[in-house]
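Each remark here refers to the structure printed beneath this line.
Below, chains carry the letters A, B, ... as their sequence lines are ordered, and counting in each starts from 1. The analysis underlying the following values was restricted to heavy atoms, covering all of them including side chains, and did not include hydrogens, waters or symmetry mates.
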2 protein chains.
Amino acid sequence: MEQNVIDASGLLAISTRLQRLSDQIRKDGLLIYKAFGIDFQPKWFPVLYTLYKKSTMNVVSLSDEIGYAHPSTISLLKELEKEKLIRSKKDKVDTRKRLVELTEKGTALLSTMEPVWDVIIKATAEIMNSQNNLMKAINEVEASLKEKSFLQRAEVYIKK
Amino acid sequence: MEQNVIDASGLLAISTRLQRLSDQIRKDGLLIYKAFGIDFQPKWFPVLYTLYKKSTMNVVSLSDEIGYAHPSTISLLKELEKEKLIRSKKDKVDTRKRLVELTEKGTALLSTMEPVWDVIIKATAEIMNSQNNLMKAINEVEASLKEKSFLQRAEVYIKK
DNA sequence: CAAATATATGTAGTTAACTACATATATTCA
DNA sequence: TGAATATATGTAGTTAACTACATATATTTG
């Protein structure tokens, strides 16, 4: 698929390449933790990191925070509960809510991970700080899509 | 998940957002084709477009071209064959190879799609041409990762 | 030239997200 | 205040990619 040009396959090309890049980045993350002797699944990260920062959260807030649909979060929580890295309790005020928090084992794991983050941050910065900053580009694209969707933009041209 | 900062969750955050963006873009693509009354699955696009441009290809070259693992291509080809949009024949020189090409119906479909591409190109350009060009940013990141992998970069910091 | 290696295709099973639906509890408002 | 609506959680099934493995044919090499 073309490298530089926005051609007719542009949309899907971008979508595909974003996905592949995302995949590669995730795999590299796994390798880095392994290099530190930390056996840990990168997909757990958003949940664990969020709980580390915020202590206790219910399922929906957690999902919103990490940007996943709630069933995805639930299935991650199931795995993490099996690993005894998190535990849940009922919210006494709103009994619909399940409050989730790190166990001692979970907190301990996150502590061993902290030194790695610095390395990851540095390596990420190294890669991101090229001429066109990927993170900023994503932000900009998300912002313009929020302002006016792709379809709406296309419609302007369709009507001509 | 944070919006601007490369924090400890940076890697995965980027990965997640790339995926979500990719998803949204794909869905919008579907809507645009629908707006033109073309019933068509965006995931078919890379295969169909490549065959439209290159006439005939075998499975592996096609996979390389669109950047998919070959089993993914095979399953797309199965769907497309069922839709009678493509057909296959054996390569007489290298009998291992299966040569794939568009049927008349496939070519016809691609012709009805051509006018849409122009709209897509324009709308895509509109979105991409912000300060940090997403496509260029992806290219740059891919290039720097090719030059020196994430893990290798991280290792430099680990060894200190 | 035949044995070892490489390439092309195909199948089976996995993964990590999703949507749609179901149920229980809380909140709102007529 | 109770009926309608909204929110929180959970389950089931889907999707679109992947990896690992299997087999057939070509190519290379000792």
Side-chain angles (χ1 to χ4, degrees), chain A residues 1 11-30 40-48 56-81 86 88-100, chain B residues 1 11-30 40-48 56-81 86 88-100:
Chain A
M1 196 139 293
L11 261 194
L12 204 55
I14 290 169
S15 150
T16 301
R17 294 182 59 207
L18 288 174
Q19 228 164 11
R20 188 170 354 282
L21 190 55
S22 146
D23 229 57
Q24 198 189 339
I25 287 173
R26 179 167 300 216
K27 276 177 197 153
D28 281 345
L30 176 61
F40 156 81
Q41 293 199 238
K43 66 173 168 172
W44 294 343
F45 191 84
V47 168
L48 292 179
T56 294
M57 291 190 98
N58 67 309
V59 178
V60 168
S61 328
L62 185 53
S63 305
D64 289 348
E65 179 78 12
I66 66 178
Y68 286 174
H70 81 272
S72 312
T73 306
I74 289 173
S75 95
L76 288 172
L77 290 174
K78 249 178 213 158
E79 289 178 37
L80 291 169
E81 206 137 36
I86 62 134
S88 321
K89 56 187 183 194
K90 269 247 163 310
D91 185 324
K92 278 164 191 168
V93 182
D94 184 340
T95 66
R96 292 172 305 177
K97 287 183 182 166
R98 163 181 163 195
L99 299 176
V100 185
Chain B
M1 196 139 296
L11 261 194
L12 206 55
I14 289 169
S15 150
T16 301
R17 296 183 58 208
L18 287 174
Q19 228 163 12
R20 188 171 351 284
L21 189 55
S22 147
D23 230 57
Q24 197 187 341
I25 286 173
R26 180 167 299 215
K27 276 176 198 153
D28 280 345
L30 177 60
F40 157 81
Q41 294 199 236
K43 67 174 168 171
W44 294 343
F45 191 84
V47 168
L48 292 179
T56 294
M57 291 190 99
N58 68 309
V59 177
V60 168
S61 329
L62 185 53
S63 305
D64 290 348
E65 179 78 11
I66 67 179
Y68 286 175
H70 80 272
S72 312
T73 307
I74 289 173
S75 96
L76 288 173
L77 289 174
K78 248 179 214 159
E79 290 180 37
L80 291 169
E81 205 137 37
I86 61 133
S88 321
K89 56 187 181 192
K90 270 246 163 312
D91 185 325
K92 278 164 193 167
V93 182
D94 185 340
T95 66
R96 292 171 305 177
K97 287 184 182 166
R98 162 180 163 197
L99 299 176
V100 185

Look through every strand shown and name the nucleotide pairing with C:dA17 as Watson-Crick or G-U wobble, where both distances are under 3.5 Å.
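D:dT14 - that is the nucleotide pairing with C:dA17, both distances being under 3.5 Å.
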Quick one: look up who C:dA22 pairs with, Watson-Crick or G-U, both distances under 3.5 Å, and put none if it's unpaired.
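Pairing partner, where one exists within any strand: D:dT9.
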Without decimals, in angstroms, what is the distance between [X] [atom1] and [N] [atom2]?
X     : N      : atom1 : atom2 : result
B:D91 : C:dT9  : CG    : P     : 9 Å
A:K89 : D:dT9  : NZ    : P     : 14 Å
B:K92 : D:dT25 : NZ    : P     : 17 Å
A:D94 : D:dT9  : CG    : C1'   : 11 Å
B:Q41 : D:dT15 : CD    : P     : 9 Å
A:K90 : C:dA26 : NZ    : C1'   : 13 Å
A:N58 : D:dT7  : CG    : C1'   : 10 Å
B:W44 : D:dA16 : CH2   : C1'   : 14 Å

What is the minimum heavy-atom distance between A:L77 and A:R98, and which atoms define it?
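Distance-wise, the nearest heavy atoms are CB-NH2, 3.6 Å.
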For A:L48, check side-chain contact (heavy atoms from CB on, under 4.5 Å) against everything at least two apart and list the hits.
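Residues passing side-chain contact (heavy atoms from CB on, under 4.5 Å) with A:L48: A:F40, A:W44, A:L80, A:L85, A:I86, A:L102, A:L109, A:L110.
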My understanding is that only residues two or more places apart in sequence, or in another chain, count here; which of them pass side-chain contact (heavy atoms from CB on, under 4.5 Å) with A:K89?
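A:L99, A:E101.
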According to side-chain hydrogen bond (donor to acceptor under 3.5 Å, both in side chains), who are the partners of B:S72, at least two apart in sequence or on a separate chain?
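For B:S72, no residue satisfies side-chain hydrogen bond (donor to acceptor under 3.5 Å, both in side chains) once neighbours in sequence are set aside.
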For A:D91, which residues count as a side-chain hydrogen bond (donor to acceptor under 3.5 Å, both in side chains) partner, sequence neighbours excluded?
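By the side-chain hydrogen bond (donor to acceptor under 3.5 Å, both in side chains) rule, A:D91 matches no residue at all.
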Does A:R96 contact D:dT9 through a side-chain donor or acceptor facing the base, at a distance under 3.5 Å?
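A donor-acceptor contact between them is absent.
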Ignoring hydrogens and angles, answer whether the base of D:dT9 and the side-chain atoms of A:R98 contain a donor-acceptor pair closer than 3.5 Å.
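Side chain to base: no pair present.
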Let's see if you get this right: which residues in residues 69-81 of chain A place a heavy atom under 4.0 Å from DNA chain C?
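By residue number: A:A69, A:P71, A:S72.
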OP1 or OP2 of D:dA24 sitting under 4.0 Å from any side-chain N/O of B:T95?
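Answer is no, no contact under 4.0 Å.
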Between B:Y68 and D:dC18, is there a side-chain N or O to OP1/OP2 distance below 4.0 Å?
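Result: no.
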In Å, rounded to the nearest 0.5 Å, how long is the span from CG of A:N58 to OG of A:S63?
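Reported value, rounded in 0.5 Å steps: 8.5 Å.
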Side chain to side chain contact (heavy atoms under 4.5 Å, CB included) for B:V47 and B:V100? Distances and angles first, verdict last.
CA-CA 10 Å; B:V47 168; B:V100 185; 5.8 Å; no
Per A:K97 side chain, nearest of listed nucleotides D:dA17, C:dT9, D:dT9
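Of the options given, the side chain of A:K97 lies nearest D:dT9.
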